[in-house]
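Treat the numbers as computed from the prediction; the structure is a model and nothing was measured. We're numbering straight along the sequence, starting at 1.
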Amino acid sequence: MLSQRHPDTLAAIDLGSNSFHMIIARVVREGQLQVLDRLREMVQLAAGLDEAGCLSETAQERALNCLARFGQRLRHLPPWAIRAVGTNTLRQANNADEFLKRASAALGHPIEVIAGDEEARLIYLGVSHALDFDNARRLVVDIGGGSTEFIIGEGAEEGRYRQSIEMGCIRYSRCFFPQGELNKAAMRQAEIAARTMLQDFEQSFRHLGWEEAIGASGTIRTVARVVAAQGWCGSGTITATSLKALVNRMIEAGHIKRLKFEGLSAERGPVFPGGVAVLKGIFESLGIERMMVSDGALREGLLYDLIGRICHEDVRDRTVADLAQRYHVDQFHACRVKNTALALLEAAASLWELEEEHALSLAWGAILHEAGLALSHSQYHKHGAYLLAYGDLPGFSQQEQQVLAFLVRGHRRKLPIAKLDLLPEDLRQPTLRLCLLLRLAVLLNRNRSPVVLPPLTFKAEKNTLKLRFPDGWLLQHPLTEADLVQEATYIKAAGYRLKIK
């Protein structure tokens with residue numbers, strides 16, 4: 001059970017558009033981390049996207065070989081102590097589902113894809129812990145291979161303003177420096193493109209303001225090393241003047257192959273110009289004169305988020321509670337449905353191979369199953385599913401959002417069997433089974449009465465659900481009996497039988 005989990009050694013894997021990273025750390029006092037091992041490989045997944053938006057087989061093989069090596073290091077850890085996430089490229093790739101199936105097998109652990117807003121939240125979490133933030137307001141910037149994340153926050157919170165923008169070092173290097181040539185016109189074009197991407201958000205950033213700008217991840221850390229080695233700036237910082245000097249020196253070099261800076265590795269060289277152009281555009285748009293650099297980023301944020309999940313400080317619980325409040329959910333009724341659903345799950349868990357994470361999804365689905373009523377009673381299950389599928393849900397991966405949306409969509413009326421195909425294959429059966437349990441829980445509490453349900457006997461077999469009531473109870477509750485008869489018809493379409501006694 002979750003309550004019996006004691007964090008000792010944890011691992012986080014970040015499948016970035018440029019590099020794959022793994023960090024393994026020991027949890028020491030007061031939730032602090034002691035890093036035991038770091039692994040990094042420049043996979044350049046984004047470079048493998050073809051014109052059709054699909055990952056090439058060559059890029060997939062690079063990634064799979066890397067993940068197999070990472071997986072060897074993880075074999076001694078329990079599954080709940082590991083979290084692996086994919087970012088921008090896996091959000092964009094049209095064949096991401098097929099790749100994720102192979103990638104999860106190579107790693108030996110499920111891989112989630114997170115939305116840009118969630119990526120930004122986790123980056124801020126990692127940076128704030130790495131630099132031990134006080135309550136001053138800060139701007140955090142993370143330039144990745146395919147996207148750049150911006151967060152403005154105070155203290156160790158998760159950032160009051162978050163934005164993910166489609167510009168990154170691989171994307172811009174391929175677009176503006178395709179042959180490796182470096183000249184003033186191409187560099188300026190790339191900088192203007194970055195500024196154009198920021199145009200819609202610039203005023204929001206400036207209105208909020210910040211006292212200090214912080215940069216994270218590979219591009220920004222590499223720039224900091226290079227300008228420090230050249231003597232243009234102090235260690236761990238980037239100034240507007242040093243960045244301008246770097247751009248001029250790169251233009252003088254004339255070609256990527258002639259970039260010979262101390263602190264710039266050969267493998268990063270081909271994507272360095274695009275990253276520098278994005279950073280220059282950010283400095284110009286937001287009027288940044290000085291940026292500090294953090295060693296912490298997404299993967300460290302994953303670890304701290306994982307500690308929270310294990311220690312019952314799961315941000316997903318807070319997200320669900322906030323949504324319930326925002327959409328005026330009847331808390332007492334939602335709680336009754338949740339308790340009934342979890343009682344049914346306890347009886348079905350063993351045979352149906354449902355675990356703690358499934359219990360969490362079921363509980364969240366029960367709490368939010370009526371969220372759509374805030375919009376309209378007609379088709380409210382569809383409205384609720386839409387809100388959950390397309391909203392920003394801090395703490396949730398894209399797959400977790402899809403599962404939650406399906407549970408809410410499928411908790412009444414006909415089962416949306418076709419919607420199951422939108423889920424990854426390994427999630428379809430457990431999600432359908434959770435939905436069947438939620439449907440029964442909602443049905444049994446349909447009269448919204450605070451009166452406790454009678455003692456029920458529930459048994460779940462492979463494709464059969466058996467529900468037994470005390471003698472005479474159904475005769476006294478004919479509406480419930482009629483609902484159960486109708487429910488048997490609904491779930492038959494999904495290949496399941498409901499037997500009532």
So, [X] and [Y], do they make that salt bridge, N to O below 4.0 Å?
| X | Y | result |
| --- | --- | --- |
| Arg91 | Glu119 | yes |
| Arg162 | Glu118 | no |
| Arg171 | Glu166 | yes |
| Glu112 | Arg83 | yes |
| Glu357 | Arg316 | yes |
| Asp305 | Arg309 | yes |

Mind checking whether [X] and [Y] have side chains closer than 4.5 Å, heavy atoms only?
| X | Y | answer |
| --- | --- | --- |
| Lys459 | Thr464 | no |
| Leu434 | Leu354 | yes |
| Leu388 | Leu393 | yes |
| Val85 | Ile13 | no |
| Arg137 | Leu208 | yes |

Gln60 and Arg102: side chain donor to acceptor below 3.5 Å: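 Result is yes, a qualifying pair exists.
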
Taking atom types as modelled, is there a side-chain donor on Ser56 or Asp50 under 3.5 Å from an acceptor on the other?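 Their side chains do not contain a donor-acceptor pair, so the 3.5 Å distance test is not met.
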
More than 12 non-hydrogen atoms from neighbouring residues, nucleotides or ligands closer than 6.0 Å to [atom1] on [X], yes or no?
| X | atom1 | value |
| --- | --- | --- |
| Glu346 | CD | no |
| Gln72 | CD | no |
| Glu425 | CD | no |
| Asp421 | CG | yes |

Expected output: side-chain [X] to main-chain [Y] donor-acceptor under 3.5 Å:
| X | Y | result |
| --- | --- | --- |
| Arg38 | Met22 | no |
| Glu300 | Ala297 | yes |
| Arg26 | Asp8 | no |
| Gln399 | Ile111 | yes |
| Gln476 | Trp473 | no |
| His333 | Asp330 | no |
| Asn95 | Leu55 | yes |
| Ser147 | Ile165 | no |
| Asn94 | Ala52 | yes |

Show me the donor-acceptor pairs, under 3.5 Å and distance only, between side chains in residues 364-371 and residues at least two apart or in other chains.
residue : atom : partner : partner atom : Å
Trp364  : NE1  : Asp317  : OD1          : 2.9
His369  : ND1  : Ala366  : O            : 2.6
Glu370  : OE1  : Arg448  : NH2          : 3.0
Glu370  : OE2  : Arg448  : NH1          : 2.8

Should the ring pair His411 and Tyr380 be called parallel, tilted or perpendicular, given that the plane angle runs from 0 to 90° and is split at 30 and 60?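 Rings of His411 and Tyr380: tilted, as their planes differ by 30° to 60°.
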
What are the two closest heavy atoms between [X] and [Y], and how far apart are they?
| X | Y | value |
| --- | --- | --- |
| Ala494 | Ile417 | CB-CD1, 3.6 Å |
| Gly410 | Pro416 | CA-CD, 3.6 Å |
| Met167 | Leu198 | CE-CG, 3.9 Å |
| Val408 | His381 | O-CB, 3.5 Å |
| Gly391 | Gln401 | O-NE2, 3.0 Å |
| Ile491 | Leu415 | CA-CD1, 3.9 Å |

Can the ring centroids of Phe150 and Phe205 be said to lie less than 6.0 angstrom from one another?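 Between Phe150 and Phe205, the centre distance is under 6.0 Å.
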
Are Tyr124 and Tyr161 close enough that their ring centers fall under 6.0 Å?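 They do not qualify: ring centres at least 6.0 Å apart.
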
Go through it in stages, so that I can follow the logic: the residues are Arg433 and Glu353, the test is salt bridge (Lys or Arg N to Asp or Glu O under 4.0 Å), and I'd like the CA-CA distance, side-chain angles, deciding distance and then a yes or no. CA-CA 10 Å; Arg433 288 174 167 176; Glu353 298 181 338; over 6 Å; no

Charged tip of Arg468 within 45° of Phe458 ring normal and under 6.0 Å: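 Judged by the rule, Arg468 and Phe458 form no cation-pi pair.
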
For Ser361, give me all partners under side chain to side chain donor-acceptor pair (under 3.5 Å), at least two apart in sequence or on another chain.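 Ser361 satisfies side chain to side chain donor-acceptor pair (under 3.5 Å) with no other residue.
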
Listed once per pair and sorted, the salt bridge (charged side-chain N to carboxylate O under 4.0 Å, His left out) pairs that draw on residues 478-491, sequence neighbours left out: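 As it turns out, the salt bridge (charged side-chain N to carboxylate O under 4.0 Å, His left out) pairs with a partner in residues 478-491, which skip direct neighbours, are Arg439-Glu487, Arg446-Asp483.
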
Nearest 0.5 Å, please: how far is CD in Glu41 from CD in Glu267?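 Interatomic distance, Glu267 CD to Glu41 CD, rounded to 0.5 Å: 9.0 Å.
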
Going through the distances and angles, do Arg409 and Tyr386 end up as a side chain to side chain donor-acceptor pair (under 3.5 Å)? CA-CA 8 Å; Arg409 171 67 175 80; Tyr386 183 88; over 6 Å; no

